[in-house]
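Below: the structure, in C-alpha cells.
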Amino acid sequence: MRVRLLQVAHARSGDKGDTANIGLIALKPEFYPVILKEVTAERVKRHFKGICQGDVERFELPNLVALNFLLRRALGGGGTLSLRTDAQGKTLSAALLRMMIDVPDELADLLER
Amino acid sequence: MSISGKSVRIASGQGFWGDWLEAPVRQVEVGPIDYLVMDYLAEVTMSILQKQRNRDPSQGYARDFVPLLGRILPLCVEKGVRVIANAGGVNPLSCRDAVLETAQAAGLAGQVRIGVITGDDLMERLDDLLSQGVELRNMDTGEPLTMVRDRIQSANAYLGAGPIIAALERGAEVVIAGRTTDTALTYAPMMFEHAWPADDWDKIAAGVVAGHINECGAQATGGNTGVDWQSIDYSDIGYPIIESHADGQFIVTKHEALGGRVTVPTVSEQLLYEMGDPAEYITPDCTADFRTIQLEQEAVDRVRVFGVRGAPPTEMLKVSVSYLAGYKAVGTMTYSWPDALEKARAADRTIRARLERLGLGFAEVHTEYLGAGACHGPLAGPLPPDLPEVELRIGVKHSERPPVDRFTREIAALILAGPPTATGFAGGRPRVQEMVAYWPALVPKKQIEPRVSVEVA
C-alpha cells in the first residue's frame, strides 16, 4: 500500500549553520521498521533535489522509534546568510512528510491520518 | 544537599530572546517550582549584543531580563525560586548592575544575592590565543580564523555547569551568565541539588537531556508539534518543567492549569530538534548518548525519562565566533488575481533587468513566490490554476552596503512602473541588514578560566 509519510510519522526540523536536521518519528512503534526501510539517506537526498546541495546522513534512534537526518548545504548559506523565507529549515520537516512510501498491507488498520 | 525521594522542579521560562514574555511569569505564579531557567542566546544574538555594547558600553545584554526580574523577583524570593539565565550576553557585569538596581527598587535590598559569571568572552584574547597556536579553525570548513580576523564581531567560549554550581554554592538566588551552553542552565542545578560527582557521566548525561528538553521552551510542551496540533490551547501554554530525581531519572511536565501538552511525541520532537549525531551529544561536562534515552507516558502531561548513558567530555570547549559577511535586503510586493503568479514573475524580471543595467554585481539575487511554493518548491506539486494572490519576495546580497541600498529603491518603483494590481507596500523601503556569519571553533579547556562573583542587593 502506497501512503504519504505523513500518515505514519511526524517530524521536526532545525538548523546548524548551513546544515538542516530533520527528526522523523514513527507515529506507532509498528511503523518504525517501515520508515527504517523506506526513508533511506539516498531517498531523502533525491526527495530534496534542488533544495539540499550537499550530502544526506542518517542516524537511527530505535529507542525513540526515530531517525535523524542531516542535510548539508540545504539552507542557502545558513540562518543569518540565507535569503530564503525558510532560512532555518523550519518547514523541511513537513516537506519530508510529503514523501510517498510503501507500507505493508497488514498495517493498514493502524493508519490514522 | 542530596534529596532522595523528593524531586527538584526546574522550569523553563524562555527559549530564545524574543520568546513569550509572559511565560516565565506564569511559571513562577501558577505553581510550585524550585528553579526558573531562561535561555536568551542564539548564535546570532551574541553579535547583536556586541554591536549594542560597541555603541553604548553599558549595554550588550538581554535587556528584557531586567524588567522581567522587576516583575517576578519579589515572588521568587517569597517562594524560594532561584533564577538562572544566560541573559548577560557580552556584558554580564552591566546586566548584574541593572539587576541589583532593580532588586533594590523592588524593596529587596539585603534579601537577594546576585551571582555573575564571566570568562567566556574571548574578544580581547583572540590575538593572544592565535599567537599561542590556538588556531580556532572553522569546525565545518577547516579554515583558520585569520581568514576573517579583521571582521570578527564577537567570540565566546561555551561554559559548562561549573561556574553556575559555584554561584549556587555561594548562595546566589539569581545567576547571570554570558555564553554558557543552553543545557547547562538546567543540569547545573540538578548537579548542585543532588550533589552529583562531576564524573558521574550517566547522571550528568540525564541532566543534559533534561536541558535539551528545557532549552526551547514550549517546543517540548506542544508548541510546534505536528501531532494533533488542532486540539492544543496555545494562548496560555505551559512551558516545560523538569522534576529531577537524585538517581538521574526525571519527569517532564508542566503546570496543570496551563495549556499545552506533554506526551511522548511532543518530548520526542524536541529531543530531535537541532540534533547532530545522537551517539555523541558533546557538552563541556559529559558526552551524552541520545540513543539510550527511554520515554514513558507516566500520567497525563507527565513523561518519565530514564536509562540515559553518558561518557566523559572532550578536552575542548566550543567557541562561537561571529563576523561581518556583507549586507543583504529583502523586498516584497503582492499581486492579485487574475494572473497573480505571472504578474509577480514579470515584476521579478523587471527588477532583475533594472539591476542588471545598473551593473551592481550582487553575490546573489534570490526570488520566491509566496503562496506559490516558496517553502517546499517543486515538492509542493502542481499549483491551482489561477491563485487569488501571490507575494513576490526578492532578496540580494553584496559585500558592500551601497549596492544593497540601491536595490531597496527598486521595489516601490514597481507600483507605477510595473505589472498591474501591485499592492502591500505600506511598510516602505526594505531595510538593509548586516549579514553576520557564524564561525564554530574549539579551544582547549585549560585556556578558559570562568570567574564567579556574588553580591547582595
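Worth saying up front: this structure is predicted, and the values here are computed from it rather than measured. In what follows, chains carry the letters A, B, and so on, assigned in the order in which the sequence lines appear, proteins first and then strands, with residues in each chain numbered from 1.
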Where on [X] is there a heavy atom nearer than 4.5 Å to chain B: the side chain, the backbone, both, or neither?
X	answer
A:Ser82	backbone
A:Glu60	backbone
A:Ala94	both
A:Arg72	neither
A:Leu81	both

- Query: Which of these, A:Thr19, A:Leu96, A:Val56, sits in a side chain to side chain contact (heavy atoms under 4.5 Å, CB included) with A:Leu71?
  - Reply: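 One option only clears the test, and that one is A:Val56.
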- Message: One thing to verify: whether B:Glu269 and A:Arg12 come together as a salt bridge, which I'm taking to mean a side-chain N less than 4.0 angstrom from a carboxylate O.
- Response: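 Yes, this pair counts.
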Against chain A, label [X] side chain, backbone, both or neither, depending on which of its atoms sit under 4.5 Å from a heavy atom there.
X	value
B:Arg291	both
B:Ala437	both
B:Ile394	neither
B:Val267	neither
B:Glu368	side chain
B:Leu295	side chain
B:Ala42	neither
B:Asn224	both
B:Gln433	neither

Pairs of heavy atoms under 4.5 Å with chain A: top-ranked of [options]:
options	value
B:Ser268, B:Ala374, B:Pro440	B:Ser268
B:Glu364, B:Glu274, B:Lys328, B:Met435	B:Glu274
B:Leu272, B:Val396, B:Val330	B:Leu272

For each of [options], tally heavy-atom pairs with chain B at distances under 4.5 Å, and name the one with the top tally.
options	value
A:Leu92, A:Asn68, A:Asp18	A:Asn68
A:Leu70, A:Ile25, A:Asp86	A:Ile25
A:His47, A:Arg84, A:Lys49, A:Lys16	A:Arg84

- Query: Heavy atoms, side chains only, cut-off 4.5 Å: are B:Tyr438 and B:Val321 in contact?
  - Reply: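 SC-SC contact between B:Tyr438 and B:Val321 ruled out.
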- Item | Any side-chain heavy-atom pair of B:Arg401 and B:Glu434 under 4.5 Å |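 Yes, close enough: below the 4.5 Å cut-off.
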- Message: Counting only heavy atoms not in B:Glu143 (residues, nucleotides, ligands), do more than 12 fall under 6.0 Å from its CD?
- Response: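 Yes, CD of B:Glu143 has more than 12 neighbouring heavy atoms, counting only those of other groups under 6.0 Å.
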With distance as the sole criterion, is a donor-acceptor pair present between the side chains of [X] and [Y] under 3.5 Å?
X	Y	result
B:Thr292	B:Asp289	no
B:Ser322	B:Ser154	yes
B:Thr334	B:Glu389	no
B:Arg352	B:Thr367	yes

- Do the ring planes of B:Phe290 and B:Tyr281 sit parallel (below 30°), tilted (30 to 60°) or perpendicular (above 60°)?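 B:Phe290 and B:Tyr281: parallel rings.
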- Message: Can a donor-acceptor pair be found, under 3.5 Å and without considering hydrogens, that links the side chain of B:His376 to the backbone of B:Gly381?
- Response: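 No.
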- Task: Check B:Ala344 against B:Val390 and note the closest heavy-atom contact, atom names and distance.
- Result: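 Minimum heavy-atom contact is CB-CG1, 4.0 Å.
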